[in-house]
A.B. asks: 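Encoded as structure tokens, here's the structure I'll be asking about.
Lettering of chains follows the sequences in order, A, B, ..., and the numbering in each one begins at 1.
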Amino acid sequence: MNFLSEITTWLVVVLALGAVAGLTGIVTSWLMAGTRGVKMFAGVLSRGIKDLVLLSPRRIFAITSLTVRESVRRKALWIGAVFLLLFMFAGWFIGDAKESTPAKPYISFVMTTTRWMLLPVAVLLSCWGLPADIRDRSLHTVVTKPVRRSEVVLGRIAGYVAVMTTLLLGVSLVGFLWVQRVVPERAQRQLVSRVPIGGSGRTVKSTSTEELEEIRRNVGDQLDIRQFIEGATTERAIFVFDEIHEDLFPGSDDIRLEYRFEAFRSYKGDLNTEIEFAAEVVNEKTKARAAIGVYPVNEFSTEFAHVLNDGKEENLILLSRKLTYIPDGADAPIEADLFKDFIVDGQLKVEIACLDSQQYLGANSSDLFIRLPDRPFASGFWKSIFAMWLALVLTVTIGTTSSCFLKGPVSTLATTGLLVLGTFLKTGLLSRLNDFFLQGQTLGGGPVEAFFRTIWGMNESSPMDASPTTAAIQFIDGVVFNLLNVFQHLIPSLTVFDGTPYIANGFDVPLSTCILPSLFITIGFFIPCYIIGYFALQLRELEAK
Amino acid sequence: MSESVIEIRNLTKIYRDFWGRAKVKAVNSLSLEVKKGEIFGLLGPNGSGKTTTLKMLLGLLFPTEGEIKILGKQAHDVSKNEKIGYLPEESYLYRFLNADETLEFYGRLFNMPASLRKERRDKLIEMVGLQHARKRQLKEYSKGMTRRIGLAQALINDPELVILDEPTSGMDPLGTREVKDLILKLRDQGKTVVMSSHLLADVQDVCDRIAILYGGELKVLGDVKELLESKGETQLVTSKLDPSALAEVEAVLKKHGAALRSSSSPTASLEELFLRTVEESKARPGRRYAPGETPKA
């Protein structure tokens with residue numbers, strides 16, 4: 001994540017929204033009351049700045065406590081009992097576990113259930129509280145006290161967050177203990193948080209001039225993300241790991257590398273004999289090479305090392321600190337230290353070569369990683385819960401904000417819509433936008449072109465005629481894509497908040513791709529939501545008929 | 001001349017429809033002042049603009065035109081609420097809270113320290129007579145009890161200005177009397193009270209000055225006693241007179257150019273009779289009265 005670029009984008013979007021809102025306010029107030037209206041608008045703005053900043057913690061706490069009490073007395077916490085009930089009948093919902101990864105479905109079940117049971121509760125609580133307060137007019141007795149409306153917004157958000165935190169803690173604690181208990185004894189070692197250091201990988205072959213030429217070869221599987229190198233040739237898969245230092249491996253003589261290559265046979269051969277590859281560590285400066293070893297790849301298994309395979313750990317390469325290698329021109333091998341002789345400026349280079357002639361080895365960047373000392377399962381689990389908590393905070397923030405200017409049902413629909421967009425559709429939208437802005441077109445075109453194709457029965461890949469109509473359609477679609485490009489910033493990427501894929505596959509939840517982005521997205525939405533919520537409530541006549 | 005607590009100048013409120021077209025002119029060019037330490041009554045039939053005016057004072061509604069100054073501040077200034085107590089038309093309180101929690105909550109909104117909150121809470125609950133129900137949730141309260149706790153929350157901050165919208169609505173005569181006594185007591189403490197009501201007897205009993213609104217316009221404004229004084233008549237109340245004495249009085253009046261318009265035995269108000277009966281029943285629980293008999297004053 002490029003923090004600086006992300007924060008710049010955030011600032012641009014927030015300032016643009018602010019400018020649009022400000023201009024609309026000025027024009028509307030001028031149309032309604034002329035220059036007096038503009039003066040009033042300026043007054044509202046200056047009071048707004050004061051109200052947003054000068055807050056009383058005691059009043060906010062009072063509204064927070066009220067919100068918690070309200071939720072408790074309206075039996076919101078009973079959702080915990082429903083959760084317990086689900087655990088009792090979990091067997092109905094969990095499919096057959098794979099022999100090799102029996103822990104995965106249990107972990108996925110707990111995380112998925114927790115997420116999809118608590119998110120609707122957060123939506124309902126936050127979207128209905130303030131509208132009910134306004135409808136019942138109980139808010140009148142609050143705002144006729146020296147309470148700023150910003151304090152009402154903050155107090156409400158904090159209250160719902162407190163309720164959701166209590167629920168999440170209770171449910172996740174039960175879930176954590178349940179997973180430990182139900183995962184079979186033999187699979188307990190899968191309850192671990194592996195910490196990977198990923199590198200960059202590429203597939204190359206040496207040319208006659210010793211230049212490296214990139215290889216882009218697949219084996220006919222459209223969905224396969226790997227590039228394949230041929231065995232017993234000069235083709236190699238090269239992995240480079242940066243920022244590798246001794247202090248990452250305290251008290252350990254070996255560095256563990258874990259792999260998940262894929263084998264592809266161009267002829268059957270002996271099916272009982274696995275295809276093999278050789279791994280070497282290379283010093284780019286001195287050109288020294290040290291063999292690490294020869295390892296098998298099962299073409300039917302692309303699992304990582306922690307899977308259960310007759311109790312033995314496979315797919316692990318142990319890279320010893322003490323290596324032997326034969327320098328150029330020397331006859332006898334000499335001893336070398338991995339960190340001193342092979343890691344240059346913190347960079348470790350590993351080359352993989354397939355050993356079987358006419359057989360192929362598929363690899364991509366994520367197929368080989370350095371495995372740091374494992375952390376306990378709790379580490380990944382609770383980080384994942386923290387990310388889920390951030391998702392709940394974000395949901396509550398959006399729900400409360402929308403309820404400042406919408407009625408309960410509409411606010412629920414709006415918030416749910418945004419969450420659905422953020423969870424299921426944003427990735428697709430971004431991919432389309434990416435295609436449009438990088439390649440100048442997307443498959444099937446934009447909405448107008450798609451409509452045109454539907455009407456004329458054209459499939460999405462047939463070319464459009466070069467005509468003024470096509471030009472007009474593509475121009476309108478271009479405008480729509482540009483608008484969508486702005487609009488997509490208003491949809492939170494909720495997939496980022498999901499730590500389940502990490503912990504269900506035995507990995508720790510990374511700070512850089514899950515926790516920190518989730519935190520920044522939450523803060524990034526919280527600030528404008530708070531401002532919008534305040535102004536929506538401040539400019540609203542609570543008694544309007 | 002005493003200082004103004006509320007100043008309203010040309011206040012107008014127009015409710016508009018979705019398209020911005022004027023729907024109702026709820027208040028029309030209203031101007032009035034409320035002085036410190038008086039009990040001011042806003043009178044008028046339903047829809048006359050009383051509650052709209054109060055809500056504009058409190059910032060719940062925005063004036064279409066005109067100016068409001070309340071305790072020297074603009075209506076939208078939140079800090080003015082530090083010194084205001086407000087009892088809404090219906091007691092719009094949180095029904096899932098009990099009386100203690102309600103006053104605790106509103107006390108916190110005034111940033112009151114815990115010890116002061118407790119002191120005020122106990123005092124007010126006793127004052128409104130809800131000691132027996134202080135732990136019951138408000139949803140279990142009768143309308144009268146809800147008004148009482150509403151009144152208590154309006155006084156939690158010991159306000160300088162108390163705004164009461166229909167303070168006696170839904171209350172039994174005993175409660176009504178207590179509220180009226182309380183309003184008078186507040187004035188004695190130097191506080192200003194603004195109340196709206198359509199129960200004229202209540203207003204007459206407690207208000208120093210009144211404004212009568214009709215169709216959103218101010219029709220009458222002035223001192224209650226002055227407005228109600230029947231300027232061409234004198235009322236005498238004497239002990240019981242027999243017919244001959246009455247004839248003599250009539251003759252004397254005639255000699256002075258006056259005429260006796262009516263003579264009758266003065267009657268107590270129904271409210272007085274009711275209150276007397278309740279007081280007496282409290283003092284003597286077993287006592288029953290024969291038809292036509294009443295408790296002694």
A.B. asks: A:T144 and side-chain contact (heavy atoms from CB on, under 4.5 Å): which partner among B:L57, B:L60, B:V78, B:I84?
C.D. replies: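 Filter result, single survivor: B:L60.
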A.B. asks: Heavy-atom pairs under 4.5 Å with chain B are the metric here; pick the option from A:E70, A:Q538, A:R74, A:E151 that has the most.
C.D. replies: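 Max contact count across the listed options: A:E70.
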A.B. asks: Check whether any side-chain N or O of B:E82 sits under 3.5 Å from a backbone N or O of A:P146 as a donor-acceptor pair, and report yes or no.
C.D. replies: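 Such a contact is absent between B:E82 side chain and A:P146 backbone.
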A.B. asks: Is A:R58 reaching over with its side chain to a backbone N or O of B:M112, donor-acceptor style, under 3.5 angstrom?
C.D. replies: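 Checked: pair present.
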A.B. asks: If you apply the rule side chain to side chain donor-acceptor pair (under 3.5 Å), what do you find for B:Y106 with A:T141, and how did you get there?
C.D. replies: CA-CA 9 Å; B:Y106 290 110; A:T141 42; 2.9 Å; yes
A.B. asks: Please identify, among A:L139, A:D136, A:V143, A:L66, the residue contributing the most non-hydrogen atom pairs under 4.5 Å to chain B.
C.D. replies: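 Result: the option with the highest number of such pairs is A:L66.
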A.B. asks: Which atoms of B:Q137 come close to chain A, meaning under 4.5 Å heavy atom to heavy atom: side chain ones, backbone ones, both, or neither?
C.D. replies: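 B:Q137 touches chain A through side-chain heavy atoms alone.
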A.B. asks: A:V44 versus chain B, heavy atoms under 4.5 Å apart: side chain, backbone, both or neither?
C.D. replies: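 Neither part; nothing is under 4.5 Å.
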A.B. asks: Got B:F96 and A:V72 here, is their nearest side-chain heavy-atom distance under 4.5 Å?
C.D. replies: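 Not touching, per the 4.5 Å side-chain cut-off.
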A.B. asks: State the CD1-CG distance between A:I63 and B:L109, to the nearest 0.5 angstrom.
C.D. replies: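 A:I63 CD1 to B:L109 CG: 6.0 Å, rounded to 0.5 Å.
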A.B. asks: Could you give the distance from OG (A:S65) to CZ (B:R108), rounded to the nearest 0.5 Å?
C.D. replies: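 It is 4.5 Å, given to the nearest 0.5 Å.
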A.B. asks: Of the backbone (N, CA, C, O) and the side chain (C-beta and beyond), which part of B:L97 lies under 4.5 Å from a heavy atom of chain A, both, or neither?
C.D. replies: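 For B:L97, the contact with chain A is made by backbone and side chain together.
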A.B. asks: Picking from A:K145, A:R36, A:R59, A:R148, which has the most non-hydrogen pairs under 4.5 angstrom with chain B?
C.D. replies: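 Maximum pair count with chain B is reached by A:K145.
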A.B. asks: What part of B:K139 lies closer than 4.5 angstrom to a heavy atom of chain A: side chain, backbone, both or neither?
C.D. replies: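 No part of B:K139 comes within 4.5 Å of chain A.
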